[in-house]
Amino acid sequence: MTGLSENARTNIPATDLAFIEMNMPLICRGEMRVDEPMSRHISWHTGGNARRYYMPVDLDDFADCLREFSYEPIFVIGLGSNLLVRDGGIQGTVIALHAQLNDLQLIEHNQFDGLIYAGAGVACAKVARFAAKHDLAGAEFLAGIPGTVGGALAMNAGCYGSETWEFVERVQVVNQEGRIFIRTPDEYAIGYRSVKLHQSSNGNNLEWFAGGYIKLSQGEQAESRQRIKQLLAQRIASQPLNLPNAGSVFRNPPGDHAARLIEASGLKGCCVGGAMVSPQHANFIVNMGNAKAADIEALILMVRNRVRKATGIELIQEVRIIGDARRLT
């Protein structure tokens, strides 16, 4: 039976508690939290609460939860490193996979290559280290992605010249009906920071990644570990990791860099409330300590508008924004 945390019980009215418990699916086995602050779960450390926040115990539980909560909006998250939750919060259900769908296995290995399975909740950096440990090369760039495998698959995350789907042999997915199955890369339209399922015959393609099978070439552990060390040092030197942020806010336009365009538009250091365009890396927006989600969203809009006016280029947002604006009372 689904567990409602004691913290949740003491922080909601008895009438709401009774309603929520009455409507919890009995087949789900994970932990349910109610009115959960999403600022605890996204890397910007701000935003409203989720009406329901569920942590499944395994893949089958994830599938059961998707099916049972299909009547309302569902948001699946990992480390929350590419996400902004608006101050009004989320009225649906958030399903958190980080450290929940955490299978990480060496499926095949020979003198030429190897195949790793990584669950959607496994941190990308952990996959990089695991591959290096088993003398497999190519996954080192994942050490520079501050998210999970599920998120990396969903957006074709990449850095330092490599992208996730270059190495994907197949993926495991779960649809809204709770059915678990396998898809191959040719079933998707894969682009720069974009992964879309080719339209199905009935138009229904609402599904989520549960894990990926990653094919890597034979390498050498010491070389891979050194490469990871170099990439992490480069990341520390170039990104404002001392302040809450969500990584790159905008995609790089063809033949250019979003950071260069933002800096050229005179936006480094610009602020809205507690949000600031990082002086260290212009494609990062940082929380100076008291930023509201509305501050960050307003700054994103300001940056996009000023870059368009100054350069004629429309920046495409990379971060995902969900939830409701704060309601007036």
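Quick caveat, the model's predicted, so the values are computed rather than measured.
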Set out, in order, the CA-CA distance, both residues' side-chain angles and the distance that settles salt bridge (Lys or Arg N to Asp or Glu O under 4.0 Å) for E263 and K268, then state yes or no. CA-CA 6 Å; E263 183 173 358; K268 264 191 172 183; 3.6 Å; yes

Are any non-hydrogen side-chain atoms of R179 and R67 less than 4.5 angstrom apart? no

Do S70 and Q176 pair up side chain to side chain, a donor and an acceptor below 3.5 Å, judged on atom types alone? no

Audit row: R86, E297, side chain to side chain contact (heavy atoms under 4.5 Å, CB included) steps and yes/no: CA-CA 8 Å; R86 292 187 173 104; E297 189 169 4; 2.9 Å; yes

Are a donor atom and an acceptor atom from the side chains of E72 and T93 found within less than 3.5 Å of each other? yes

Hey, are E169 and K215 close enough for a salt bridge, meaning a charged N less than 4.0 Å from a carboxylate O? yes

Do the side chains of D324 and I90 get nearer than 4.5 Å, heavy atoms only? no

Let me know which of V34, D35, D87 forms a side chain to side chain contact (heavy atoms under 4.5 Å, CB included) with N49. D35

Which value, rounded to the nearest 0.5 Å, describes the distance between K133 atom NZ and R225 atom CZ? 8.5 Å

Start with the C-alpha gap between F250 and I316, add the side-chain angles, then the distance that decides, and say whether side chain to side chain contact (heavy atoms under 4.5 Å, CB included) holds. CA-CA 6 Å; F250 299 100; I316 298 174; over 6 Å; no

Would you say H41 and E36 are linked by a side-chain donor-acceptor pair, where the criterion is simply a distance under 3.5 Å? yes

Is it true that L79 and V122 fall in one hydrophobic cluster, defined by side-chain heavy atoms closer than 4.5 Å? no

Measure across I300 and V249 and return the closest heavy-atom pair with its distance rounded to 0.1 Å. CG1-CG1, 3.9 Å

Would you indicate whether the side-chain heavy atoms of L153 and V195 approach each other to under 4.5 Å? no

Here the gap from L115 atom CG to D113 atom CG, rounded to the nearest 0.5 Å, amounts to 8.5 Å

The criterion is side-chain contact (heavy atoms from CB on, under 4.5 Å); which residues satisfy it with I180, sequence neighbours excluded? L59, D60, A63, Q172, V174

Q239 versus Q280: any side-chain heavy-atom pair under 4.5 Å? no

Any heavy-atom pair between the side chains of N283 and V277 that's under 4.5 Å? no

Closest heavy-atom pair, I228 versus A143, reported as atoms and distance to 0.1 Å, is CG2-CB, 3.7 Å

As an exercise, state the distance from CG of L231 to CD1 of I145, rounded to the nearest 0.5 Å. 10.5 Å

Can you list, pair by pair, the side-chain donor-acceptor contacts under 3.5 Å of residues 96-107, counting residues two or more places apart and other chains?
{"from": "Q100", "atom 1": "NE2", "to": "P56", "atom 2": "O", "distance (Å)": "2.8"}
{"from": "N102", "atom 1": "ND2", "to": "A99", "atom 2": "O", "distance (Å)": "3.4"}

Is the Y160-F141 ring centre distance short of 6.0 angstrom? no

Spatial distance of atom OH (Y54) from atom CD1 (I74) [nearest 0.5 Å]: 11.5 Å

Check whether the side chains of Q317 and R304 place a donor and an acceptor atom closer than 3.5 Å, and report yes or no. yes

Nearest heavy-atom contact between I285 and N245 is O-CB, 3.6 Å

Mind listing the closest non-hydrogen atom pair of V85 and A293 along with its distance? O-CB, 3.2 Å

Identify whether L267 and I296 are in the same connected component of the hydrophobic contact network (ILVMFWY, side-chain heavy atoms under 4.5 Å). yes

Starting from F75, can I reach Y71 by hopping between I/L/V/M/F/W/Y residues whose side chains sit under 4.5 Å apart? no

Between W165 and Y188, is the gap from one ring center to the other below 6.0 Å? yes

Does any non-hydrogen side-chain atom of Q234 lie less than 4.5 Å from one of Q230? no

Atom pair NZ (K126) and OG1 (T148), whose distance is rounded to the nearest 0.5 Å: 12.5 Å

Over all atoms of both residues, closest heavy-atom pair of A310 and S265: CB-OG, 3.6 Å

After noting the C-alpha distance and the side-chain angles of V286 and N242, does the key distance pass the side chain to side chain contact (heavy atoms under 4.5 Å, CB included) rule? CA-CA 9 Å; V286 296; N242 60 320; over 6 Å; no

Test log, rule side-chain hydrogen bond (donor to acceptor under 3.5 Å, both in side chains), inputs Q221 and H134: CA-CA 7 Å; Q221 182 174 161; H134 292 282; over 6 Å; no

Using a strict cut-off of less than 4.0 Å between a Lys/Arg side-chain nitrogen and an Asp/Glu carboxylate oxygen, indicate whether E318 and R251 qualify as a salt bridge. no

hydrophobic_cluster_shared for I42 and F284, side chain cutoff 4.5 Å: no

Do F181 and V173 touch side chain to side chain, with heavy atoms closer than 4.5 Å? yes

Ion pair present between D295 and K292, side-chain N to carboxylate O less than 4.0 angstrom? no

Same hydrophobic cluster for M155 and L84, using side-chain heavy-atom links shorter than 4.5 Å among ILVMFWY? no

Test: R183 and E207 ion pair at under 4.0 Å: yes

Which value, rounded to the nearest 0.5 Å, describes the distance between R129 atom CZ and S224 atom OG? 13.5 Å

Regarding E314 and R308, does a basic nitrogen lie under 4.0 Å from an acidic carboxylate oxygen? yes

Between V94 and I77, is the side chain to side chain contact (heavy atoms under 4.5 Å, CB included) condition met? List the steps. CA-CA 7 Å; V94 172; I77 71 168; 3.9 Å; yes

Short N-O contact, E163 and R193, less than 4.0 angstrom: yes

Looking only at heavy atoms, which two atoms of N82 and A246 are closest? And how far apart? OD1-O, 3.9 Å

Does E31 pair with R33 as a salt bridge, N-O distance under 4.0 Å? yes

Looking at D58 and R29, is there a salt bridge between them, counting it only when a charged N and a carboxylate O are closer than 4.0 Å? yes

